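The structure under discussion appears below in the form of structure tokens.
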Protein chains: 2
Amino acid sequence: MRKDLKMKMNLQGYKLTQQRKMVLDAFKNRTDHYTAWEIYEILRKKRTNISLATVYRSLDILTEMGFLNRVDIPESPSRYEFVGEDGSAKGHHHHLICLGCGKVIDFESDLMPVIQKLQSELEKKYNFVITNHHIRFEGYCEDCAKKLKLKS
Amino acid sequence: MRKDLKMKMNLQGYKLTQQRKMVLDAFKNRTDHYTAWEIYEILRKKRTNISLATVYRSLDILTEMGFLNRVDIPESPSRYEFVGEDGSAKGHHHHLICLGCGKVIDFESDLMPVIQKLQSELEKKYNFVITNHHIRFEGYCEDCAKKLKLKS
DNA sequence: CTTAATGCAAAGGCTTTGCAGCTAC
DNA sequence: GTAGCTGCAAAGCCTTTGCATTAAG
């Protein structure tokens, strides 16, 4: 498994460094979505040495490798979620995002077949190479809604 | 119509200034999606005087008023699209986004009923106040795909 | 008149980069 | 050994903000 990981990275011309291992490991046994800064803090609390720049660089590469997935959040730093070392351990899902605090909640849906169909129609119609899609809901979580005095 | 606009803004405690009018007008008779900087340039070419800071502030307010809609683009400045002065002249649609150049293409879909249902389920399940959603496809337009030598 | 909006320049937040020294392979 | 990686600090990019001046209602 570790061997496997190394092999995959080497195949892409990347080295499996201590830092990259640490960043990827930080996601294991965690189910949430983390910013670069949060990963940096998690690792520092473990008394490991890593720079924020390296966290950014590692997140990039691990995302490119398909081990992580980046979630872009309006007016808030990007967050990353663990996908799996085999590229698809975590099932397909979508996101519910709090515009107040940046919290991300995963949810499942059965829209895949419709979306797939739509995707291939769009690729043809607009000559696009589509690499991914998302269905996303945005709003305010209970706490943030209270703070803003929004009626739920 | 102009009167109407002024009234709406005053009701929200906003003044209808020359600059805000100019920014909103820049979207009329245009169908594309523009960054703050692009709007700034469009207005400067017309020999009008406006600062970039004011463009940002105006885009914010006009979006809050519902006249514009902001489209967040990964690793690229936000773009704005015209909705209408009555708040909904432009029909509901979704976006196909080029990760190479930031280009945005609108498309229609008939997913609304499914999405509405999903939204109210999510609001209940997670105690969220959901304010909006999007269905979005990302990838590369013909030109950018060529540059990156992606096979379409 | 009085409150809010503008312009300018400066600062802010997140992210990337240049470069000398250091590791993985 | 040597290509690629790291840490550090500096820079970059988009966006926001403080403040004196100006304009809207």
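Proteins come first, then strands; the chains are lettered A, B, ... in the order of their sequence lines, and each starts at number 1. None of these values were measured; they are calculated from a predicted model.
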**Q.** Distance (rounded to the nearest 0.5 Å) between A:T35 OG1 and A:E41 CD
**A.** 8.5 Å

Q) Going 5' to 3' along DNA chain D, which nucleotides are the first and last within contact of chain B (any atom under 4.0 Å from a heavy atom)? A) D:dC14 to D:dG25

Q. Taking the inter-plane angle between the rings of B:Y34 and B:F27 on a 0 to 90° scale, is it parallel (under 30°), tilted (30 to 60°) or perpendicular (over 60°)?
A. perpendicular

**Q.** Close aromatic pair by centroid cut-off 6.0 Å: A:H134 and B:H134
**A.** no

Q | Residues forming a salt bridge (Lys or Arg N to Asp or Glu O under 4.0 Å) with A:R20, sequence neighbours excluded | A | none

**Q.** Residues in side chain to side chain contact (heavy atoms under 4.5 Å, CB included) contact with A:Q18, at least two apart in sequence or another chain
**A.** A:K21

Q: Could you list who else is in A:V71's hydrophobic cluster, with ILVMFWY side chains joined at under 4.5 Å, directly or through other members?
A: A:I73, A:I97, A:V104

Q) the helix from C:dC1-D:dG25 to C:dC25-D:dG1: angle between its terminal axes, five pairs each, to 10°? A) 40°

(Q) Output one letter per nucleotide in nucleotides 18-25 of chain C: B when a protein non-hydrogen atom lies under 4.0 Å from the base, S when only the sugar-phosphate is that close, - when neither is. (A) B-----BS

Protein-nucleic acid N or O pairs under 3.5 Å, nucleotides 12-15 of chain C:
unit_1, atom_1, unit_2, atom_2, d
C:dT15, OP1, A:S78, N, 3.3
C:dT15, OP2, A:Y56, OH, 2.5
C:dT15, O5', A:Y56, OH, 3.3

Q. Any side-chain hydrogen bond (donor to acceptor under 3.5 Å, both in side chains) pairs touching residues 67-78 of chain B, not counting sequence neighbours?
A. A:R70-B:E75, A:E75-B:R70, B:N69-B:E81, B:R70-B:D72, B:D72-B:S78

Q: Identify, with sequence neighbours excluded, every residue that meets side-chain hydrogen bond (donor to acceptor under 3.5 Å, both in side chains) alongside B:E38.
A: B:R79

Q | A:K125: partners by side chain to side chain contact (heavy atoms under 4.5 Å, CB included), with sequence neighbours left out | A | none

Q) Would you call the rings of B:H95 and B:H33 parallel, tilted or perpendicular if under 30° counts as parallel and over 60° as perpendicular? A) perpendicular

Please tabulate, for the side chains in residues 56-67 of chain B, all donor-acceptor contacts under 3.5 angstrom to protein atoms that are two or more places apart in sequence or on a different chain.
unit_1, atom_1, unit_2, atom_2, d
B:S58, OG, B:T54, O, 2.8
B:T63, OG1, B:L59, O, 2.7
B:E64, OE1, B:Y14, OH, 2.8
B:E64, OE2, B:Y14, OH, 3.2

Q) What residues join A:L11 in its hydrophobic cluster, counting side-chain heavy atom gaps under 4.5 Å, either direct or through other members? A) none

